[in-house]
Amino acid sequence: YKTFDGDLKWSHNDVTYRILNYSPDMDSSLIDDAFARAFKVWSDVTPLTFTRLFQGTADIMISFGKADHGDPYPFDGKDGLLAHAYPPGEGMQGDAHFDDDEYWTLGKGAVVKTRFGNAEGANCHFPFTFEGKSYTSCTTEGRTDNLPWCATTADYNKDKKYGFCPSELLYTFDGNADGAPCVFPFTFLGDEYDSCTTEGRRDGYRWCATTSNFDKDKKYGFCPSRDTAVIGGNSEGEPCHFPFVFLGKEYDSCTSEGRGDGKLWCGTTDNYDEDKKWGFCPDQGYSLFLVAAHEFGHALGLDHSNIRDALMYPMYSYVENFSLHKDDIEGIQYLYGSRTGPDPTPPQPDTPTTTPYPDETDETDETDATEEPSIMTTPSTVDPTQDACKHIKFDTITVIQGHLHFFKDGQFWKVPNRGDGGQQGPFSISESWPALPTVIDSAFEDVPTKKLYFFSGSRFWVYTGNSVLGPRSIEKLGLPSSVQKVEGALQRGKSKVLLFNGEDFWRLDLKTQTVDKGYPKNTGDVFGGVPHDAHDVFQYKGHIYFCRDRFYWRMNSRRQVDRVGYVKYDLLKC
Amino acid sequence: WSLPVKSVFVTFPGEVVKNMTDTELAESYLKKFGYMETELRSGFQSMVSTSKALKKMQRQMGLEETGELDKPTLEAMKHPRCGVPDVAN
């Protein structure tokens with residue numbers, strides 16, 4: 001390994017990073033994830049920590065760009081230079097730039113994350129069959145709205161699992177329109193546009209207006225590349241047009257004719273000879289995770305290695321199951337030392353804590369577990385190898401006895417609210433609360449009485465220590481029969497709890513055990529700036545958290561969203 | 001056996017023109033990644049420095065150090081890579 005002259009390194013271990021823009025090649029959540037995993041490669045073997053900032057100046061500013069992208073080292077079109085980064089220091093030092101004339105994937109071809117549909121954001125499964133025909137890319141077949149979609153399993157007709165593919169008709173990214181889809185036609189500088197355009201920009205990115213008149217509204221976003229879109233050339237983002245004519249001959253697929261480097265290309269109109277519109281055909285692409293892990297090595301102070309299998313070797317090669325080479329580890333630990341503190345150890349059974357006798361107002365239920373005073377002990381772990389960090393979304397997240405609890409499919413994990421210990425578990429729900437079903441939609445602790453309320457579907461249970469009341473119907477609380485489930489619960493003051501469902505919430509009075517008059521209210525009206533379809537809402541350390549998918553929106557006491565982040569990294573401490 | 005059809009190479013509009021000879025490609029690569037100084041040199045001297053620079057690059061890449069622009073070296077120069085120079089400067 002080599003370090004830069006003078007062993008350039010960060011003088012602090014809590015390094016910050018910020019993603020300034022995205023590539024149209026992959027969904028922004030996949031790009032976020034690739035960068036986060038690339039940083040984890042280095043934090044796993046050093047005392048370094050990496051915190052993502054969403055505004056202001058971070059140590060490592062990450063951006064995508066093409067050709068001349070604002071520093072003295074221009075990129076060179078497709079292939080060749082993939083990315084570069086600067087050694088630690090002020091200003092541009094420490095920054096990492098990625099060439100967006102490359103095709104960014106995870107190293108094995110298109111990674112197409114779906115949106116909407118019924119597959120909860122799962123990636124497309126290629127090939128998939130639909131109506132007996134096999135597809136290796138998204139299709140608009142079967143739809144009249146021209147939206148590209150795909151199946152997320154091999155057989156759509158059997159599983160009926162599908163989602164929508166990246167399309168400017170569905171959403172845009174970056175810009176100033178909060179991801180709103182394009183509006184066609186739109187007016188720009190007096191001209192009308194029926195598709196995304198690079199007009200008005202020098203950086204070659206395709207954009208569109210998200211209202212019909214950009215000149216008036218100035219609302220715009222960048223167009224995601226469709227999975228069949230060409231790379232580079234002079235038609236970035238356009239799909240191949242088959243057949244197309246080249247040198248008088250007709251082609252029904254990509255070809256390397258006309259080139260000396262063997263790269264596959266296609267025409268994006270029916271006649272290349274006339275229109276000269278072309279691009280490279282999507283290939284395996286370059287793994288953004290691997291290239292980013294390499295570039296972040298530079299941004300931390302490592303220069304190139306001459307060990308062919310090392311991550312810091314200058315040339316790119318795809319590795320399926322990546323692990324850091326000894327040479328890289330020695331290099332980074334020469335600069336920052338090894339990871340401090342003990343490795344995570346499986347949770348030991350806690351000393352039992354007692355909880356109060358059942359409250360006299362609760363009639364005991366035939367399923368009452370025991371008569372003697374209840375001893376709440378930490379449940380035994382079910383399978384410590386099951387990693388909570390593998391889950392994208394949890395059934396519910398809540399705070400019990402001050403600690404975060406993550407519930408999923410009959411198990412739960414705990415994250416102590418003190419120290420920087422990671423999550424403990426998994427534990428079995430049925431061992432702690434035998435009466436409960438495997439899927440918990442929401443839960444909350446009524447702190448003054450230490451009662452635990454659990455909601456699943458249209459039923460709820462109330463645990464006091466080991467004795468349980470329920471299941472009872474949520475209609476007993478005064479919720480309308482139209483409410484199929486309670487998705488979030490938020491303690492408010494001593495004896496009030498907000499219960500969330502869809503875009504509405506009700507206020508439950510724990511004393512009267514019924515919802516107050518004047519409800520439901522609209523979540524968006526009262527909690528501005530959070531997703532209206534959050535599937536989890538909870539209070540933690542003075543903030544309110546709204547979770548959707550793998551992200552959380554944190555709201556402070558002044559009802560301002562002061563942070564958006566990853567459940568996995570910021571709360572579950574992965 | 002029919003003669004191989006002579007491929008017609010065209011220049012594609014909008015492509016970052018890279019039609020360089022192998023020697024031009026090598027010279028550009030060695031300068032870009034810090035193996036060779038970028039200031040101009042006399043003919044003879046540049047031959048010596050190119051061979052020396054090639055050996056340095058071949059050592060960095062784990063290739064046989066021939067000092068010649070042989071096939072493996074040329075292949076390595078065409079391989080996608082990081083833009084940070086190999087020789088710190």
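Each chain gets a letter, A, B and so on, in the order the sequences are listed, and its residues count up from 1. Excluded from the calculations below are hydrogen atoms, water molecules and symmetry mates; all remaining heavy atoms, backbone and side chain alike, are included.
- Heavy atoms from other residues, nucleotides or ligands lying under 6.0 Å from CZ of A/Phe322 number more than 12.
- Aromatic ring centroids of B/Phe33 and B/Tyr29 lie under 6.0 Å apart.
- The aromatic rings of A/Phe246 and A/Tyr251 lie tilted to each other, with the angle between the two planes from 30° to 60°.
- Residue contact with chain B, scored on non-hydrogen atoms closer than 4.5 Å, is absent for A/Ile307.
- Ring to ring, A/Phe35 and A/Phe289 are not that close: their centroids are 6.0 angstrom or more apart.
- Contact residues of residues 60-69 of chain B toward chain A are B/Gln60, B/Met61, B/Gly62, B/Leu63 (heavy-atom distance under 4.5 Å).
- Looking at residues two or more places apart in sequence or on another chain, you find a side chain to side chain contact (heavy atoms under 4.5 Å, CB included) between A/Tyr334 and A/Tyr1, A/Thr3, A/Asp7.
- Contact residues of residues 267-281 of chain A toward chain B are A/Tyr272, A/Lys276, A/Trp278, A/Phe280 (heavy-atom distance under 4.5 Å).
- For A/Phe296 and A/Trp42, the distance between ring centers is not under 6.0 angstrom.
- Interface summary for chain B: among A/Gly233, A/Gly232, A/Ser305, the most heavy-atom pairs under 4.5 angstrom belong to A/Ser305.
- Qualifying ring-ring contact (aromatic ring centres under 6.0 Å, His included) partners for A/His84, counting only residues two or more places apart in sequence or in other chains: A/His69, A/Phe75, A/Tyr86, A/His97.
- If you take CE on A/Met315 and CE on B/Met77, they are separated by 10.0 Å, rounding to the nearest 0.5 Å.
- Between A/Tyr316 and A/Tyr286, the ring-plane angle classifies as perpendicular under the 30° and 60° cut-offs.
- Between A/Asp283 and A/Lys78, some side-chain heavy-atom pair lies under the 4.5 Å cut-off.
- Judged purely by distance below 3.5 Å, without hydrogens or angles, the side chains of A/Tyr205 and A/Asp100 pair a donor atom with an acceptor atom.
- Residue A/Glu102 does not touch chain B at all, counting heavy-atom pairs closer than 4.5 Å.
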